[in-house]
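All heavy atoms count here, side chains included; hydrogens, waters and symmetry mates do not.
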Amino acid sequence: MPHPLGTYPSKIIAVHLNYPSRAAERGRVPSQPSYFLKPPSSLAGTGDDLVRPAGCELLGFEGEIALVIGSRAQRVSPEDGWSHVRWVTAANDAGLYDLRYADRGSNLRSKGADGFTPLGPRLLDARQIDPDALRLRTWVNDELVQDDTTDALLFPFGQLVADLSRLVTLEAGDVILTGTPAGASVVKPGDIVEVEVSADELSSGRLRNPVSQGGTLAAYGAMPKADLAERESAYGSAYVPEPVLDPRLADGLRSVAVATLSAQMRARGLPHMSIDGVQRVGRGDQAMVGVAHTLRYLPLREDLFKRYGTGMNAQKRAIEELRPGHVLMMDARRDETAGTLGDILALRALKRGAAGVVTDGAVRDSAAIAGLGLPVFAAGAHPSVLGRRHVPWDTGVPIACGGALVQPGDLIVGDADGVIVVPPDLAEELIVDAREQERQERFITEQVAAGESVDGLYPLGPAWQDAYKNWCKGESQ
């Protein structure tokens with residue numbers, strides 16, 4: 001479908017960072033706006049395909065608000081900048097992170113491909129709109145993934161027009177893409193991306209673009225390639241790679257008790273590895289073993305909750321970032337007076353393949369969570385939502401959970417006694433020594449059951465060493 005501008009503009013200018021939520025994801029807040037150009041030939045309309053070439057894996061979407069200039073702007077003031085905007089509509093600033101390396105800085109091939117700037121479907125009259133009261137939402141396969149407003153932009157729209165016009169004359173019909181909020185990520189063939197801009201009752205309608213598979217790029221230019229840095233950038237907040245936990249290692253950790261692991265780490269000078277104050281929600285004897293993915297809550301501040309606590313906030317992003325084998329570790333500052341997980345998000349974690357969830361705060365819907373079969377450990381239960389005490393802040397960062405420092409990638413083990421953090425580089429030797437400790441304890445248990453005193457027996461002393469060795473021979477037969 002043709003794009004709603006009718007004719008091609010002389011230029012499309014895109015802003016790098018403008019929403020505080022996106023700046024928080026990227027870990028930097030610019031002092032001034034920065035820009036890049038997209039060719040007019042990248043324009044498309046609603047219903048047009050976003051085509052991912054064969055060999056590419058990182059086709060990114062970015063829901064944005066597009067400004068269409070109505071009258072020439074040259075060296076205008078920030079106060080007059082908005083008056084030069086004629087139309088407002090929804091846009092998707094799509095791009096291939098697999099090709100960013102090829103034109104580092106310009107984004108020409110990664111962002112400028114045909115069809116990578118869909119606009120529409122309707123143009124909203126800028127004269128009827130408060131530029132500080134717009135709402136931008138993006139859906140992928142009918143799931144809301146971006147939801148933000150323009151009331152707290154780093155660089156208001158009038159400032160963008162004025163800043164650009166200092167050196168670049170903006171002509172009628174030119175388009176400014178004003179930045180994307182948190183939640184932009186990667187889509188694949190078969191997905192459908194929709195973007196909408198609204199202002200009270202006014203709406204651009206949903207800009208709808210399916211993702212399709214394209215052919216292979218001709219080999220006489222830069223070819224797609226992706227590394228960890230590009231995947232981190234493409235996927236958004238703290239890209240989480242697939243957990244790598246050797247099945248043999250997982251089985252080994254599952255075979256020993258948390259109490260035994262705790263004793264072994266204490267013997268190594270690591271006495272603070274337990275997640276204090278948490279208990280399993282509901283019954284279950286299934287051991288929990290997985291790789292830590294982290295979520296941090298901060299104390300409630302009402303003025304910030306609207307910005308960081310609603311829409312596709314860090315809590316929901318953490319759930320969607322889960323990979324098979326992850327244990328979601330929540331830092332709720334040991335505050336048990338508000339829920340940090342409910343049954344719907346727990347179900348979503350289960351569907352994502354999570355190995356478990358641990359929070360040093362409370363859960364809601366505890367009976368329903370207990371029935372899911374997903375190992376969940378919490379400090380308590382509370383009927384209130386997280387907005388009573390917490391602002392979901394960020395994911396994929398070191399956290400404090402139940403008094404223990406947890407880094408993304410740590411190994412997490414839980415059983416009826418509680419939860420413990422296992423440094424990955426110690427896991428192999430811990431398993432060996434924990435198994436030996438538990439073997440000794442089986443021997444000691446038999447002797448105590450037969451009426452022996454624990455004096456010199458527990459822990460195993462020199463007088464019992466020969467008897468233990470003979471017992472081991474019998475156990476191994």
On a heavy-atom basis, which atom in [X] and which in [Y] lie closest, and how many Å separate them?
X: Arg208; Y: Thr46; value: N-OG1, 2.9 Å
X: Ser10; Y: Asp174; value: OG-OD1, 2.5 Å
X: Ala73; Y: Ser165; value: O-CB, 3.7 Å

Looking only at the side chains, is there a donor atom on one of [X] and [Y] sitting less than 3.5 Å from an acceptor on the other?
X: Asp48; Y: Asn209; answer: no
X: His382; Y: Thr337; answer: no
X: Tyr35; Y: Asp163; answer: yes
X: Ser83; Y: Asp80; answer: no
X: Glu196; Y: Ser204; answer: no
X: His390; Y: Arg333; answer: yes

Measure the spacing between [atom1] of [X] and [atom2] of [Y] and express it to the nearest 0.5 Å.
X: Leu5; Y: Leu119; atom1: CG; atom2: CG; result: 5.5 Å
X: Leu374; Y: Gln286; atom1: CG; atom2: CD; result: 8.0 Å
X: Leu177; Y: Ile65; atom1: CG; atom2: CD1; result: 11.0 Å
X: Leu99; Y: Leu58; atom1: CG; atom2: CG; result: 10.0 Å
X: Tyr19; Y: Thr178; atom1: OH; atom2: OG1; result: 5.0 Å

Taking the side chain as every heavy atom from C-beta outward, state whether [X] and [Y] have any atom pair closer than 4.5 Å.
X: Lys225; Y: Asp98; value: no
X: Pro30; Y: Phe155; value: yes
X: Tyr101; Y: Pro224; value: no
X: Gln407; Y: Val421; value: no
X: Val195; Y: Arg137; value: no
X: Leu202; Y: Asp200; value: no

Residues in ring pair (Phe, Tyr, Trp, His ring centres under 6.0 Å) with [X], at least two apart?
X: Trp393; result: Tyr308
X: Tyr8; result: His3
X: Phe116; result: none

Show me the pairs that pass side chain to side chain donor-acceptor pair (under 3.5 Å) and involve residues 143-157, at least two apart or across chains.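 Only Ser21-Asp148, Arg135-Asp147, Thr138-Gln146, Gln146-Thr180, Thr149-Asp151 qualify under side chain to side chain donor-acceptor pair (under 3.5 Å).
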Side chain to side chain donor-acceptor pair (under 3.5 Å) pairs touching residues 345-363, sequence neighbours excluded, are Glu320-Arg348, Thr340-Thr359
Before you tell me yes or no, could you show the steps for Lys38 and Asp93 under side chain to side chain contact (heavy atoms under 4.5 Å, CB included), namely the whole-Å CA-CA distance, both residues' side-chain angles and the distance that decides it to 0.1 Å? CA-CA 9 Å; Lys38 298 190 77 170; Asp93 179 17; 2.7 Å; yes
Consider side chain to side chain contact (heavy atoms under 4.5 Å, CB included). Of Leu67, Asp125, Leu123, which one does Arg86 pass it with?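 Checked Leu67, Asp125, Leu123 against Arg86; only one passes side chain to side chain contact (heavy atoms under 4.5 Å, CB included): Asp125.
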Would you call Glu62 and Arg22 a salt bridge, using N to O less than 4.0 angstrom?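 Salt bridge present between Glu62 and Arg22.
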If the threshold is 4.0 Å, N to carboxylate O, is there a salt bridge linking Arg296 and Asp331? no
Looking at residues at least two apart in the chain, or sitting in another chain, which of them share a side chain to side chain contact (heavy atoms under 4.5 Å, CB included) with Asn107? His16, Phe36, Arg100, Ser110, Lys111
